[in-house]
Structures are given as C-alpha cells and as structure tokens.
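Following: one structure in structure tokens, then a few remarks.
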Amino acid sequence: MSYTGERLKIVVRNLNVYYGKTQALKDVSLDVQANKVTAVIGPSGCGKSTFIRTLNRMNDIIPGTRVEGKITLEGQDIYGNNVSAVEVRRRVGMVFQKSNPFPKSIFENVAYGLRINGLITRESGSLRERIEKALADAALWDEVKDRLNTSAFELSIGQQQRLCIARALAIEPEVILFDEPCSALDPIATAKIEDLLRDLKSKYTIVIVTHSMQQAARVSDLTGFFLLGEMVEYGLTSEIFSRPKDKRTEDYITGRFG
Amino acid sequence: MWASGLTVLAILLVITGFVVIRGIGAIDLEFISAMPIAGGREGGILPMIVGTLCIIAISTIVATPIAVASGIYLTEYAGTHPLSKIVTFGAEWLAGIPSIIFGLFGFAFFVVLLEWGFSILSGGMILACMILNETIRTTQEAIKAVPGSYREASYALGATKWQTVSRVVLPSAAPGILTGVILGIGRAAGETAALMLTAGSFMALPTSLFSSVRPMSLHVYLLAIAEIHPGAVARAFGTATLLILTVLIANLSSRAIKNYYTRGLRQER
Ligand SMILES: Nc1ncnc2c1ncn2[C@@H]1O[C@H](COP(=O)(O)OP(=O)(O)O)[C@@H](O)[C@H]1O
Ligand SMILES: [Mg+2]
C-alpha cells in the first residue's frame, strides 16, 4: 500500500522468509515512508522481529534462513548481488529488545561504529564531538558527560538502552529499526525513549516493533498489523486504531485476542 | 555420592599432605636461590627452577597463538566444514598420546634431526604440542560463552565478521582464554617423561635456548631413583612441594579469573 506524495524509503514486495522449512513471513508487501515512524504490531510469534531483521539483513547471520521477494532501500535492492550486508547495516541501524552495550566504556561503545567504519578523521576533537552529539541526540549526554570512561554496565537499563540508541546514531544511518526497545523498561524510561523517537524522525526513518498498542498509537505515523506471518493491514495509525478495515485487526486492537 | 567425593578429597589430601609435610622443611631462600652441589644432594635448585620457567615460557609462547588461532577458526569460521572435524579429532588424539611418545618424537625430530640437541627449545616445542589440545578447547569454550547479543550489536553497526571477532568477541573471551593458558602452564610444569628425552638433565644455569636444562620434575625423578641419601630425599620432596604449589597456584588463579569473568558476564545480560 503506498501513499502518493510521500517519499518512500524502503519498499518491500512479496517477502517470504523461512527458517529451514518453517515459513515465518508470507507474502508481505509494505512501503516505509521517509522521516516517518512506522510501527509493526501483532501478537508474539507473528513474525515482527523476523520482518524488521530482513530490513537490515540481520537474518543473514542465522544459518538456514531464506529470504524471497524484493526489498529496496532508496531504490536499491538490498539483497542484490552487488550489495553487501555490511553496507546495508551501515545505512540501516538497529536497536534491540534487550539493551546490549559492549563490555566497554560508555565512550568506546559509541566510538565503536565510528572506528570500524573508518569515520574518524585525524582532526583532533572530532571523535569526541561526534560522540557528544550522538549521546546528546539520544538524550543521554547530561547524565553521562562526567563519566564517559566508566563501564556501560554501570548505567541503568533505561540508560543502557539510550546508549545503544546513541551508538546506532553515531554512524548516522538513514533508517533505524527498533525491536521492542522498551519491553524491559519502566514507564519513565519508556516515556524518555518515546519522546526521543518523535524527535529522531526529522532526521531518520524509523521502524519500530512493539507489542504495546498504546505505544504504537503514541509514537507512530503508520502501523502495520501482522498475524501468523501475514501482514493483515497497513495504514495511517490514526485510521488503523479508529477504523480498522479488517475484522482481525479490530479484534486485536480491541483486545479480543493477542 | 558424597562418599565418593570424600574419597577423592582424602586421596588428594594424603598425597599432597605427605609430599608437602616431607618437603616443606627443605624449602628456604637458599634452596630456591643456590646452585646444586654434589649432584643435587646438597645445595639448592636454582638452575632447575630457571630451566622449568624457560621451557614453560617457550611452550606457552609457541602454543598460545596456534591454539587461539585454531580455536577462533573452529568456532567462528569452520562451521560444518570437514576440516573442523579433522582438526578437533587431531587435537584430541594428540592429547591422548602418552607423554613418553611425545618425548621419543621430540628426541628424534627436534634433538637429532633438527640438531637442536637436548635443549630448552626442544623441550619447549614438545610441551607446546602437548598443551595444544587443552588450550584450543578452552579458547573454543571461551568464544562460545560470549553472548550472541554482542555479535548482533556489532553486526548491526556495519561491522565485518573479522571486526566483530577481533574487536568484540576476542576481548570478551580473553579472560577465558587466559584461564586455559594458565592451566596449560600448570600442566607443563609437571611434565617429566617427554622432557627427559628432549631437555636433557644438565644442572647448570642455561645460557641460550640451546642449553640443556634439568626441569624440576625430572630433578625429582633423578633424585628419587639415585641411591638413598638423606639430602637427596629431602631435596626431592622439597622440589616436589614447589611443583605442587605451582600447579595449585595455576589452578587457583585460573579459577579466580574464570569466576570474576563469569560474574561479569552474568551482570551484563
Ligand atoms: N532463529 C529461528 N529459527 C527458527 N524459527 C524461528 C527463529 N526465529 C524465529 N522463529 C520463528 O518464526 C516465527 C516468528 O518469530 P518472530 O519474528 O521472532 O516473532 P515476533 O517477533 O513477532 O514475536 C515464530 O514462529 C518463531 O518461532
Ligand atoms: Mg520479537
């Protein structure tokens, strides 16, 4: 389903994903609009994680995964022969369900992506500035600026998750994928991340998986509802939640199952 | 269950207790810092300590990089490649070979064929072969214990496999690998038969890698089989006690590192 007049960032067509013999996604087609927040909702096990992990080829690292169909990023087929997964992930960042900072200092966690991608120039201060900017964009700078060299594990879980966001922002991707980023967080930490998502969309295209319909309603512009590996319905969040077209969507959002 | 545990504990205490009680009296500053006199029946064991340390150093320096590289290859790259099975089988098989056969090979190959003679180098090389399997195994275990979420985080930032392995996986696995290396050192310290045929039994301080030395373990053996002499017996037990302490320290420190490390990992999840 496409919305004319909007710029498309990612176009997914007839996507089928298999783990060995089991099919996790069935013929999914969806357009991700640039500088919007797209939410993916649905009951546990319906293929939400599988779906967003195809957008940055993270499923490639799971042996036995097979992807059929076509996904383009700015018109380029990300599963094309001349495209490497490394290049795709450099452009499409990801924040995971469980915060997963490296066992390194706060500073080095954010510096990691810059270092491996050779994004550090020789001018002095440049690395520090980029790290400060990433931490500030992730609304974490004020809380950590005096202890950049302490271990990331000394942060609270909510701060760790924002550190992971800063780490993803540092390399300035075009798209950022969030896979249930708040599922381990308390309401206050969740609210901070939701505020952040609204701020980030001016610069980035965001896709977020959430099992919380309230969260989808609060942060997203568009919502896709997945069920048993199929995408049942996709449209403006306001419409999905007020006038769902499909009976199954209606049942899910009114809490009749899921 | 606990009866068998008690039996093990009793055997351990009796053996080590017996040796340590008879040996501890012989250990003083002079014992570890003086040259031996009269074939070791009098004086100290300085050259044996130095010889043992040199051989351990060579074997560790040679075995560690090979073992770590194999461990990384097997866990990260080999996948189901047939070579992986061959390497694993080969390393396990190597570990099962009696040490005197290592000695025989070392003698024929390093000592005679390569003309290294009875030397620190010959002994160190043969010990390196002997500790390879265990170090490969600990490296593999340490790498497998690194949480998958670290790898995911690294890949998601556009890292290549090698960047992920070298910058995230290996640093996280390093304490575990160190544990294996230290255990290897403990094992190397006690090896006797293979060294008899490769390092020789010369009692002077070594001057080069090609010097023959008498490792502590071999010294214990040679003193014990010599004619009964109170000085020799006391020094055999003294040397044995030092070896036991070395192995104990190696085991305790590797355990301490492992505990510290796994505690760290748990907190990280
Ligand atoms: N690595 C995997 N191997 C095999 N099956 C998997 C794997 N990951 C997910 N699945 C299966 O694929 C389906 C979709 O899973 P997932 O995408 O994780 O769902 P969700 O994120 O919506 O909870 C589930 O049935 C799950 O059991
Ligand atoms: Mg999921």
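A, B, ... follow the sequence lines: proteins, then strands. Residue 1 opens every chain. Heavy-atom basis, side chains included; hydrogens, waters and symmetry copies ignored. All of these numbers come straight from a predicted model, not from anything done at the bench.
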Could you pull out the closest heavy-atom pair between [X] and [Y], with the gap in Å?
| X | Y | result |
| --- | --- | --- |
| Tyr150(B) | Phe153(A) | OH-CZ, 3.6 Å |
| Arg89(A) | Tyr155(B) | CD-O, 3.0 Å |
| Ile116(A) | Leu157(B) | CD1-O, 3.8 Å |
| Ala159(B) | Tyr112(A) | CB-OH, 3.9 Å |

In plain terms, say whether Glu108(A) and Arg167(B) are close enough for a salt bridge, that is, a side-chain N and a carboxylate O under 4.0 Å apart.
no
Is chain B contacted by the side chain of Arg167(A), its backbone, both, or neither, given a heavy-atom distance below 4.5 Å?
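Contact with chain B: backbone and side chain both.
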Of all of Val92(A), Asp60(A), Asn117(A), which one pairs up most often with chain B through heavy atoms under 4.5 Å apart?
Asn117(A)
Within 6.0 Å of [atom1] in [X], more than 12 heavy atoms from elsewhere:
| X | atom1 | result |
| --- | --- | --- |
| Arg147(A) | CZ | yes |
| Leu12(B) | CG | yes |
| Lys161(B) | NZ | yes |
| Lys85(B) | NZ | no |

Step by step, work out the side-chain contact (heavy atoms from CB on, under 4.5 Å) result for Ser154(B) and Phe102(A).
CA-CA 9 Å; Ser154(B) 175; Phe102(A) 298 121; 4.0 Å; yes
Which of Gly148(B), Ala153(B), Pro171(B) touches chain A most, by non-hydrogen pairs under 4.5 Å:
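That would be Ala153(B).
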Ile61(A) versus Glu152(B): any side-chain heavy-atom pair under 4.5 Å?
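Result yes, sub-4.5 Å side-chain heavy-atom pair found.
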